[in-house]
Amino acid sequence: MKVLRKDGSVVEASFEQAEGKKAFWHTSAHLLAQAVKRLYPDAKCAIGPAIENGFYYDFDFSFPFSEENLAEVEEEMRKIVKESLSLQVYEKSKQEAIDYMVAAGEDYKVEMIRELDESEVISFYKQGDYEEFCAGPHISNVCQIKAIKLLSVAGAYWRGDEKNKMLTRIYGISFPKAAELEQYRYMLSEAKARDHRKLGKELKLFMLADEGPGYPFFLPNGLILKNQLIEYWRKIHVKNGYKEISTPIMLVRELWEKSGHWEHYMDKMYTSSKEDVDYAIKPMNCPGGMLVYKSESHSYRDLPLRMGELGIVHRCEKSGELHGLMRVRCCTQDDAHIFMREDQVMDEIQGVMRLIDEVYAKFGFSYEIELSTRPESSIGSDEEWELATNALIEAVVGMGKSYVVNEGDGAFYGPKLDFHIKDAIGRTWQCGTIQLDFQLPQRFEIEYIGSDGEKHRPIMLHRVVFGSIERFMGILIEHYAGKFPLWLSPVQVKVLPVSDKYMDYAKNVEQLLRENGFRVEVDDRDEKLGYKIREARMSKVPYMVIVGEKEQSEGSVSVRMRDAEVDKQELGAMSIAELIDMLKAEEMA
């Protein structure tokens, strides 16, 4: 696939590569706009970017556009594809671009162009009878778009500002092969069945309430799942030499001014004032970690110092962006901050990568790495950013791993590596991150005494593995479709007595399993056995233990696995000791 950049150069890129996919979906957005303009010439175009999964375009229609209109737009897009239009790129001055868009009646484009620098040369992309100013990249010909599906229609304020006019946003997806669209449709149907909000309610894991938008309530089963993840996190971090700390949720404004958050992250922060003192509820844990480091003096022998924190952070996300556990306003970040000498940087980055390898393998996740570089709003010198970026690259290459570059998406204080995991149905989620930071150590003037007896400034590594416990839980619910492995399952064993006559024996079995550390419940309802089995399967309990006359007389149990009807995995009779040994072996696997 050929990709046309705004400087006119053409490069080869596959759909699987970040630049290729972006160009493909960006061109699909232009294709959508071209189809809309052909069908509805009075429609005004706003913006149409490629996004993580597909593309969208915002329009200002003179009539109520609805999902019923999507079919004719989609058909028009297919007609344009058959025209096999090549894309061309050319430049205009700012005034030429304004004049062109004024003549075309494209008010939103005119507004965007007027905000550009006077000296800026503006690139335009043209495909047949449609052209617009755009930075690209695009594919070289629309004929490469073999499969298109317009997905939905939504409202979107111009530039995300509720004071502006509500536009119509059309979402779509496209692929270079029809089979890939079919796979995507399958993924959508699977994603709907696996929706963590639906399963969270059915499995009684968490609830959402109007009284706390963006603040999930964890129910007993959900808290077990959350605590299992936290217990595993603590275990693996102790093994890797981390010391756990806890810092306050609310700290004074001056701290956030020093860290740079007050200037660069203010729109996401909750603030308060009491007794003429301004406070901020922490959106990140790092400034508190800096204070812990500064609370005592350190020698070069103390480094690297790895401090982990399961810190509760609050971020003021927009109400329209909230989504179950995936996008919340309060979450538990599995943070860690590593303070190190310059000669330890490579080992520490790679040590975190090995830890990430181990954790993701535990859940069956593969991953890809993305290097995010300096954003427009940032602190620090070019030299420091170059050193930090090169160090991350060398660490990844040294581990024999590949990466893609995400230009300008680093943290305001340093570049980062983002780890995108792939779930059971092929979706990717950004979870882990490693951020190399020269800036906060300078701002907080932290030091250590070197082997030469002089003061030196440590380098800082920020990193998370889960990202946030809440979001990782949401990902796991969908990844496993609620069928958690034994060690994570809120209820691991359900004891099902055939009738009330065997209730005492069922309680004895329950007690023995509890004494051996398993989470077990007895279904003591006056219901038929078949009903109890169906209910246990609906609750996705890994093991069902059936007890009746034979089991009671023999001191045994009859064991069924969660998917026995599908996989014929009815384990049959075994002693309680054999059951306990089997469960312990599975938990340790």
Side-chain angles (χ1 to χ4, degrees), residues 1-38 47-57 70-89 123 125-132 134-152 169-191 366-370 402-407 420 422-429:
M1 185 167 68
K2 289 181 169 56
V3 171
L4 177 63
R5 293 173 174 169
K6 71 175 183 177
D7 62 2
S9 63
V10 177
V11 296
E12 288 287 341
S14 71
F15 183 72
E16 286 69 35
Q17 293 175 304
E19 185 176 21
K21 187 167 289 185
K22 180 180 179 181
F24 193 92
W25 283 339
H26 199 170
T27 305
S28 300
H30 279 212
L31 179 64
L32 168 58
Q34 185 175 14
V36 165
K37 292 294 287 186
R38 283 188 179 184
I47 58 170
I51 54 177
E52 185 177 359
N53 284 300
F55 58 91
Y56 71 77
Y57 212 111
L70 290 182
E72 65 175 344
V73 176
E74 194 176 292
E75 182 58 32
E76 188 66 28
M77 291 174 73
R78 293 194 184 96
K79 290 179 182 177
I80 297 171
V81 167
K82 290 179 181 178
E83 295 175 21
S84 191
L85 303 175
S86 293
L87 276 85
Q88 302 163 358
V89 62
S123 58
Y125 280 84
K126 175 179 172 64
Q127 54 193 55
D129 58 359
Y130 180 79
E131 54 191 306
E132 70 167 271
C134 179
H138 288 276
I139 56 176
S140 60
N141 194 299
V142 298
C143 71
Q144 298 174 70
I145 304 172
K146 302 297 185 184
I148 304 163
K149 181 63 181 175
L150 296 183
L151 301 171
S152 62
R169 177 169 295 178
I170 302 176
Y171 286 96
I173 192 79
S174 60
F175 295 96
K177 296 178 182 176
E180 291 172 314
L181 177 57
E182 290 306 309
Q183 176 63 28
Y184 181 77
R185 283 175 161 169
Y186 165 77
M187 187 192 75
L188 287 182
S189 66
E190 272 293 296
S366 61
Y367 66 82
E368 295 178 349
I369 301 173
E370 183 179 77
S402 60
Y403 67 94
V404 296
V405 177
N406 184 9
E407 292 287 352
H420 296 259
K422 182 175 287 189
D423 70 10
I425 59 173
R427 296 172 301 178
T428 58
W429 307 89

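Note that the numbering runs from 1 along the sequence shown for the chain. Side-chain atoms are counted along with the backbone in the values below, which use heavy atoms only and exclude waters and symmetry mates.
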> Any chance you could measure N406, atom CG, to E370, atom CD, to the nearest 0.5 Å?
4.0 Å
> Could you give the distance from CG (L4) to OG (S9), rounded to the nearest 0.5 Å?
7.5 Å
> Which pair of heavy atoms, one from G48 and one from A29, lies closest together, and at what distance?
O-CB, 3.3 Å
> At what distance, to the nearest 0.5 angstrom, does CG of D129 lie from CZ of R38?
4.5 Å
> Is a donor on one side and an acceptor on the other found under 3.5 Å between the side chain of Q127 and the backbone of V142?
no
> To the nearest 0.5 Å, what is the distance between CD on E19 and OG on S14?
10.5 Å
> Using 30° and 60° as the class boundaries, would you call the ring planes of F175 and Y184 parallel, tilted or perpendicular?
tilted
> What is the ring orientation for Y125 with H30, classed by angle as parallel under 30°, tilted 30 to 60°, or perpendicular over 60°?
perpendicular
> Would you call K149 and L181 a side-chain contact if the rule is heavy atoms closer than 4.5 Å?
yes
> Can you run down the salt bridge (Lys or Arg N to Asp or Glu O under 4.0 Å) pairs that involve residues 171-184, sequence neighbours left out, and say none if there aren't any?
E182-R185
> Do P49 and Y56 have side chains that get closer than 4.5 Å, going by heavy atoms?
yes
> Please examine the side chains of Y57 and I170, heavy atoms only from C-beta on, and report whether any two atoms are closer than 4.5 Å.
no
> Are K21 and E16 within salt-bridge range, i.e. N to O under 4.0 Å?
no
> Ring centres of W25 and F15 under 6.0 Å apart?
yes
> Hey, what do you get for CG (L31) to CD (E76), rounding to the nearest 0.5 Å?
9.5 Å
> Kindly indicate whether the side chain of H26, heavy atoms from C-beta on, has any atom under 4.5 Å from the side chain of C134.
yes
> Could you state the interatomic distance from OG (S28) to CG (L150), rounded to the nearest 0.5 Å?
10.0 Å
> What are the two closest non-hydrogen atoms of Q34 and I80, and how far apart are they?
OE1-CG2, 3.5 Å
> For atom NZ of K126, is the number of surrounding heavy atoms from other residues, nucleotides or ligands below 6.0 Å larger than 12?
yes
> Is any side-chain N of the basic residue among R78 and E75 closer than 4.0 Å to the acidic one's carboxylate O?
yes
> Quick check: closest heavy atoms across G20 and V3, and the distance to 0.1 Å?
CA-CG2, 4.2 Å
> So which heavy atom on M77 is nearest to which on A35, and how close?
CG-CB, 3.6 Å
> Check whether any side-chain heavy atom of I145 sits under 4.5 Å from a side-chain heavy atom of I139, and report yes or no.
yes
> Do Q17 and M1 come close enough that some side-chain heavy atom pair is under 4.5 Å?
no
> Within a strict 4.5 Å, meaning less than it, do heavy atoms of the V89 and H138 side chains meet?
no
> Do T27 and Q144 come close enough that some side-chain heavy atom pair is under 4.5 Å?
no
